[in-house]
Structures are given as structure tokens and as C-alpha cells.
Amino acid sequence: MAKEIAIGKRAKISEAQQYMILSVLGASIVLGAAISLTVNFVNHIIFNAKVIAAEEESIASYSDVIKTTGVCEKPKGSTYTQEELKKCNPDAIEASQIPGTLRANVLLTLAANEALNSVPKEGNSACQNSSTGKQYTYKELSEMYNNAKTAQELNNASQLIKSCSALRVIPDALPAYYNEEALLASLNKLFNESDWTPESLSPGGSSGGSKAVNGLNPLSVNLSVEADTAVTMSVLNNIERSIREFDIGRASIEWKDNNTLSLQAQSNAYYMNPSSITERDTTIKVEDKKK
């Protein structure tokens with residue numbers, strides 16, 4: 001009888017041990033799952049935080065570009081909201097509404113520069129005021145821009161400011177694209193102002209062996225002048241005074257009979273590629289693995 005009781009006790013103890021082992025095993029599984037879920041949840045939070053930070057940085061960068069260029073009025077906060085961007089109409093914004101921006105400085109400062117405005121503009125018939133028969137002054141163009149009632153009127157006034165004010169000398173001084181015909185036309189005008197007609201004009205190639213420097217792309221042209229001393233010197237003086245840069249790299253001068261001076265030269269003019277904003281893509285990873 002005592003033996004049977006002992007066997008029963010052992011069986012109960014063994015059964016209790018099994019329950020305990022199963023309980024510990026179950027608790028371990030639950031704890032492991034909880035830890036795994038917690039780590040995954042923390043990683044998810046960190047990843048979302050990185051995405052939100054990158055998004056905020058992108059929004060701030062885009063907002064800074066818009067504010068600096070003057071495409072829209074300045075936002076109420078530090079960045080533009082969707083509503084502010086939807087209401088933004090660049091053609092309906094006056095320069096006085098965007099002080100300190102690139103657009104305002106161009107329209108109010110550069111366009112009104114008297115020294116640059118002194119360059120002749122008679123070649124553009126659109127710059128003539130039909131009511132007065134004279135060329136538009138910057139004051140008239142500015143009033144036309146500020147008094148515009150519709151987006152179309154504002155756009156037309158903006159185009160006139162670009163074509164008929166000091167701004168027009170920018171593409172003349174440094175064109176935004178490769179154009180041999182325009183270069184030769186500029187040279188021909190300088191020759192005509194010197195009372196000399198060249199027998200021929202020829203480009204010297206896109207670069208003449210030179211490389212682009214500081215974003216400036218060289219455009220080579222061959223100069224050939226053979227005339228009396230006064231005419232040849234007049235050609236050189238007008239080239240020197242030209243608003244477009246002509247950088248003479250090689251030249252030879254020869255005196256000939258009858259007070260004739262012969263000039264052979266290779267010169268570089270320059271043009272610049274259009275400027276643009278470069279967008280970049282950023283890859284955000286959940287975890288940076290170190291090799």
C-alpha cells in the first residue's frame with residue numbers, strides 16, 4: 001500500500017514537472033515573439049522617422065528654391081503648403097511682392113541699369129512705343145508691368161522688359177547655347193561699324209582646341225582684316241568695346257604697301273549652357289548594414 005502511494009506521488013510530481021516545462025516553454029515562445037515584434041516595431045518607427053526627415057528636408061529645399069527665385073510670394077511659415085502652391089501664379093506676381101528675390105533684383109535692379117541700357121536697341125521694332133513713336137524707356141516698361149490687369153498683359157510686359165530693357169544685353173554678352181550664325185552676325189556688325197566689309201567670315205570650330213572653363217564653353221572664330229591702318233585699328237577697337245567677349249589667342253600683323261595693315265587672328269567667344277536645378281534621389285534603408 002505504501003509502495004502504491006509512493007508511485008502515485010512520483011506520477012503527480014512528474015506530471016507537475018511536465019506542466020512546468022510546458023509553461024516555461026510557452027512563456028519563452030511568447031517572450032521571443034514579443035521581443036521580435038518589439039524590435040520590428042522599433043525598426044519600423046526608425047525607418048518612418050528617416051522617411052519623414054528626408055521628406056521634410058526635400059520640402060524645405062524646394063521651398064528655399066521657390067523663395068529665392070521669386071516664383072511665388074513668400075509663405076506664411078518656413079515652407080509652402082499645398083494651398084499656397086495651388087494659389088501661386090508667377091505671371092500674376094509683381095516685383096514689389098517678392099522683395100529680395102532673384103526675380104525682383106533682375107526686374108528692379110538689373111533691368112534698370114543705365115549703363116547696360118545704353119546699348120542700342122533700335123533693331124527690335126517691338127521696342128517702339130506706337131503712341132510716341134520713340135523707343136520705350138524703362139520707366140514706361142515698368143509702369144506697363146505694374147499696371148497690368150490680366151496674366152496675359154503681365155506676361156506681355158515681362159517679355160518687353162526682357163527684350164527692350166538692359167536685360168536684353170545678357171544673351172548678347174553670353175548666349176545660352178551654341179550658335180555660330182549669331183556669332184558671325186555680331187562680328188559682321190562690328191565690321192560694319194568700322195566701315196569695313198569683310199570678304200568672308202568663317203567659324204573656327206566649336207572650341208578651337210580650348211576646353212570649357214568655369215562653365216563657359218568656347219566658340220572659335222577666325223578673324224581676317226586687310227585694310228588701311230585706321231580701318232584695321234577701328235576694327236580692333238570695336239572688338240575690344242564689344243559687349244560680347246572676343247578673346248584673341250593667336251594673331252599676326254603684317255605691314256603692306258600703301259599703308260595697308262593685315263591682321264590674321266584666331267579668337268574665342270563664349271556661351272554658357274542653360275542653368276537648371278538638379279534633382280537627386282535618396283535611398284533610405286531600414287537598417288545600415290556594415291560590411
Side-chain angles (χ1 to χ4, degrees), residues 102 106 110-111 113-128 135-136 138 141 158-254 256 260-277:
L102 175 62
V106 167
L110 184 58
N113 187 291
E114 290 296 332
L116 294 178
N117 203 38
S118 64
V119 179
K121 56 188 175 182
E122 287 77 10
N124 191 345
S125 59
C127 297
Q128 185 173 356
Q135 300 291 325
Y136 281 115
Y138 178 75
L141 295 173
S158 178
Q159 292 300 323
L160 283 176
I161 288 178
K162 293 177 183 178
S163 303
C164 305
S165 71
L167 294 182
R168 74 189 178 280
V169 305
I170 297 176
D172 291 339
L174 189 61
Y177 57 91
Y178 176 87
N179 191 332
E180 286 185 346
E181 290 76 12
L183 172 63
L184 297 180
S186 297
L187 270 178
N188 190 58
K189 183 177 181 180
L190 295 176
F191 291 151
N192 290 335
E193 290 177 354
S194 306
D195 294 327
W196 183 73
T197 303
E199 294 182 0
S200 63
L201 284 174
S202 64
S206 60
S207 63
S210 302
K211 296 181 179 179
V213 179
N214 296 329
L216 297 181
N217 302 298
L219 177 59
S220 181
V221 63
N222 297 321
L223 302 177
S224 179
V225 181
E226 186 172 337
D228 62 64
T229 304
V231 171
T232 302
M233 294 304 300
S234 177
V235 170
L236 289 175
N237 287 332
N238 283 328
I239 290 176
E240 180 66 23
R241 292 175 56 251
S242 171
I243 192 170
R244 184 164 189 179
E245 177 69 17
F246 289 95
D247 185 13
I248 297 179
R250 297 189 305 272
S252 63
I253 299 178
E254 181 182 359
K256 294 190 174 182
T260 299
L261 187 62
S262 175
L263 169 67
Q264 304 292 329
Q266 185 277 321
S267 176
N268 281 333
Y270 299 93
Y271 67 97
M272 179 176 285
N273 292 329
S275 300
S276 61
I277 299 173

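Quick caveat, the model's predicted, so the values are computed rather than measured.
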> Working to the nearest 0.5 angstrom, can you tell me the gap between Gln159 CD and Cys164 SG?
10.0 Å
> Which atoms form the tightest heavy-atom contact between Tyr177 and Tyr271, and what is the distance?
C-CD1, 3.5 Å
> For the residue pair Glu180 and Leu219, what are the closest heavy atoms and their distance?
CG-CD1, 4.0 Å
> Within the 4.5 Å heavy-atom criterion, are Ile170 and Leu110 side-chain neighbours or not?
yes
> List in chain and number order the residues that pass side-chain contact (heavy atoms from CB on, under 4.5 Å) with Asn237, two or more places apart in sequence or in another chain; answer none if no residue qualifies.
none
> Between Thr197 and Phe191, is any pair of side-chain heavy atoms under 4.5 Å apart?
no
> Any side-chain heavy-atom pair from Leu223 and Val235 closer than 4.5 angstrom?
no
> What closest approach, in Å, do Pro218 and Leu216 show between heavy atoms, and which atom pair accounts for it?
CD-O, 3.7 Å
> Rounded to the nearest 0.5 Å, how far apart are CZ of Phe246 and CG of Leu187?
4.0 Å
> For Leu102, which residues count as a side-chain contact (heavy atoms from CB on, under 4.5 Å) partner, sequence neighbours excluded?
Val106
> Measure across Ser165 and Tyr138 and return the closest heavy-atom pair with its distance rounded to 0.1 Å.
CB-CD1, 4.1 Å
> Under the salt bridge (Lys or Arg N to Asp or Glu O under 4.0 Å) rule, collect the residues that match up with Glu193, sequence neighbours excluded.
none
> Has the side chain of Ser242 got a donor or acceptor atom that lies under 3.5 Å from a matching backbone atom of Arg244?
yes
> With rounding to the nearest 0.5 Å, note down the distance linking CD1 in Ile248 to CD in Glu240.
8.0 Å
> If you compare all heavy atoms of Lys256 against all heavy atoms of Glu226, which two are closest, and at what distance to 0.1 Å?
NZ-OE2, 3.4 Å
> Kindly compute the distance separating CG (Leu174) from CD1 (Ile243), expressed to the nearest 0.5 Å.
10.5 Å
> Do Ser234 and Asp195 have side chains that approach each other closer than 4.5 Å (heavy atoms only, starting at C-beta)?
no
> For residues Gln266 and Ser220, report the shortest heavy-atom separation together with the two atoms involved.
NE2-OG, 2.5 Å
> Do Asp247 and Tyr270 touch side chain to side chain, with heavy atoms closer than 4.5 Å?
yes
> When Ile253 is tested against each of Thr232, Val225, Leu263 for side chain to side chain contact (heavy atoms under 4.5 Å, CB included), which residue passes?
Leu263
